[in-house]
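FYI, side chains are in, hydrogens and waters are out, and symmetry mates aren't considered; it's all heavy atoms of this structure. Note that ligands are numbered from 1 as they come in the structure, with each ligand's atoms numbered from 1 the same way. Starting from 1, each residue takes its place in the sequence as its number. Owing to the predicted nature of the structure, the values given are computational and were not obtained by experimental measurement.
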Amino acid sequence: DYVEEINGFRVLETEIKQTLNLDRVIITPGDSDVQEWVKYDLGRRAVQSLHDELTSHETVALTGGTTMAAVAEMMQPTSSAIRPLFVPARGGLGERMENQANTIAAEMAKRINGDYRMLYVPDPLSEETYHSIIREPGVKEVLHMIKQADVVMHGIGDALTMANRRKASKDVLEELNTGRAVSEAFGYYFDQSGQVVHKVRTVGIQLEDLSTIKTVIAVAGGKSKAKAIDSYLRQGKSNVLITDEAAAKALIKGF
Ligand code: F6P
């Protein structure tokens, strides 16, 4: 029954917390691969966690993707004095407009009366553009805000799913195959043990920056993502995981 289910999740949450060395794990019922509403449930729990974390005027950096878009959709105006500043964690990573971090940051701000800043950078960036763009005053200012973020919230994807979604070049696909990439987050691709295999060239948060950020929340569910979640969390840069039952069970029982 319901109570049993809640208690069951508690055990699972503790188990995952210990296995992946996290501070907090939240599990929602179901499988977001199968039922769309589960993704919104993940979103709802992610919004709750944000509320628990935030004090008055803090900065939240976030990535794109459909899960993060669902988080934004679950946000509602609150009477609290919390007025977060939402910023994209990194420059464009090849997502559709509605799933881009810039769009999601603006949407979140609109929904909870916060503020937002955008990063206007081409996607993808050439080496040359990269070096000149980080010197642009407008970009520099937002990059500074991003690196000072109090909370980072991000999605995790399966490496090849993400590479295809981004229409990665043949060379990149080959690199991912040779390096046996399993997961993707922040534009970084990781192998089974959490080693970086490839990195998309763009501005914003670099993996190293995450260690100085107080709270890094990963939001990812669906049985098909279990292997990716495990791979990404192995390099230990996020301390909170919000996932669903199907991914959680696969994380423990193996995939
Ligand atoms: O492209 C942004 C991003 O956050 C990736 O880093 C991540 O792999 C992906 O989106 C997750 O997308 P979704 O929530 O749609 O599976």
Side-chain angles (χ1 to χ4, degrees), residues 28 31-47 60-74 86-105 107-108 118-119 121 123-125 146 149 151-168 172-173 176 181-191 194 196-207 209-210 216-235 237-238 240-244 246-247 250:
T28 61
D31 182 348
S32 42
D33 285 342
V34 185
Q35 297 132 317
E36 188 66 13
W37 60 264
V38 179
K39 209 176 254 186
Y40 289 95
D41 229 16
L42 282 179
R44 194 175 49 81
R45 297 301 296 269
V47 173
V60 182
L62 48 103
T63 66
T66 61
T67 311
M68 290 306 298
V71 176
E73 274 196 60
M74 297 313 282
F86 294 98
V87 289
R90 296 194 81 195
L93 292 172
E95 292 279 10
R96 297 160 61 99
M97 180 67 168
E98 63 271 30
N99 296 331
Q100 280 172 20
N102 267 339
T103 315
I104 296 171
E107 184 65 25
M108 286 183 173
M118 290 200 185
L119 255 180
V121 293
D123 169 22
L125 277 178
I146 294 172
V151 179
V152 171
M153 195 178 257
H154 69 94
I156 302 173
D158 168 77
L160 293 182
T161 306
M162 288 314 297
N164 288 322
R165 191 156 108 188
R166 291 176 177 153
K167 302 186 174 61
V172 169
L173 285 175
L176 297 180
V182 172
S183 65
E184 193 283 346
F186 299 102
Y188 289 79
Y189 291 84
F190 308 87
D191 70 10
V196 176
V197 172
H198 172 77
K199 170 186 172 183
V200 178
R201 189 194 297 119
T202 190
V203 298
I205 282 192
Q206 310 297 310
L207 215 49
D209 300 329
L210 293 176
V216 183
I217 307 173
V219 194
K223 191 166 184 242
S224 65
K225 274 194 191 178
K227 208 172 171 182
I229 295 170
D230 180 78
S231 144
Y232 167 75
L233 289 174
R234 281 191 184 264
Q235 41 81 41
K237 300 281 194 218
S238 302
V240 180
L241 171 68
I242 301 178
T243 190
D244 62 22

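When only non-hydrogen protein atoms are considered, atom 15 (O) of ligand 1 lies nearest to T66 OG1, 2.5 Å. Of all protein heavy atoms, the one closest to atom 11 (C) of ligand 1 is I156 O, 3.9 Å. Atom 12 (O) of ligand 1 has as its closest protein heavy atom R165 NH2, 3.1 Å.
Contact check for D244 versus D41: no side-chain heavy atoms found under the 4.5 Å cut-off. Annotation: side chain of I205 is in contact with side chain of L210 (closest heavy-atom distance under 4.5 Å). Between F186 and D209, every side-chain heavy-atom pair lies at or beyond the 4.5 Å cut-off. In this structure, T202 and D123 have side chains that are not in contact, with every pair of non-hydrogen atoms separated by 4.5 Å or more.
A donor-acceptor pair under 3.5 Å links the side-chain atoms of R90 to the main chain of V200, judged by distance alone.
Each of the atoms 13 (P), 14 (O), 15 (O) of ligand 1 lies under 4.0 Å from some heavy atom of T67. Of all atoms in ligand 1, numbered sequentially from 1 with element shown, those under 4.0 Å from a heavy atom of G157 are 7 (C), 8 (O). Residue R166 has at least one heavy-atom neighbour below 4.0 Å for each of these atoms of ligand 1: 1 (O), 2 (C), 5 (C), 6 (O). Residue T63 has at least one heavy-atom neighbour below 4.0 Å for each of these atoms of ligand 1: 4 (O). Atoms of ligand 1 found under 4.0 Å from any heavy atom of E95 (numbered from 1 in listed order, with element): 1 (O), 2 (C), 3 (C), 10 (O). Short contacts between ligand 1 and F186, defined as distances under 4.0 Å to a heavy atom of the residue, involve ligand atoms 6 (O). The ligand atoms of ligand 1 that sit less than 4.0 angstrom from a heavy atom of A185 are 6 (O).
Of all the heavy atoms of H154, none lies under 4.0 Å from any atom of ligand 1, so neither backbone nor side chain is involved. Contact annotation: for N99 versus ligand 1, there are no heavy atoms closer than 4.0 Å. Using a 4.0 Å cut-off between heavy atoms, R96 makes no contact with ligand 1 at all.
Note: L119 CG to Q100 CD = 11.5 Å, rounded to the nearest 0.5 Å. The CG atom of L62 sits 8.5 Å away from atom CE of M153, with the distance rounded to the nearest 0.5 Å. Note that OH of Y232 and CG of D158 are 16.0 Å apart. Values are rounded to the nearest 0.5 Å. Atom CZ of residue R165 and atom CD of residue E95 lie 4.0 Å apart, to the nearest 0.5 angstrom.
Distances from ligand 1 to the non-hydrogen atoms of E184 include at least one value under 4.0 Å. Using a 4.0 Å heavy-atom cutoff, K225 is listed among the residues neighbouring ligand 1.
For the side chain to side chain contact (heavy atoms under 4.5 Å, CB included) with V71, the lone residue among M68, M74, E73 that qualifies is M68.
At a 3.5 angstrom cut-off on N or O pairs, G64 counts as close to ligand 1.
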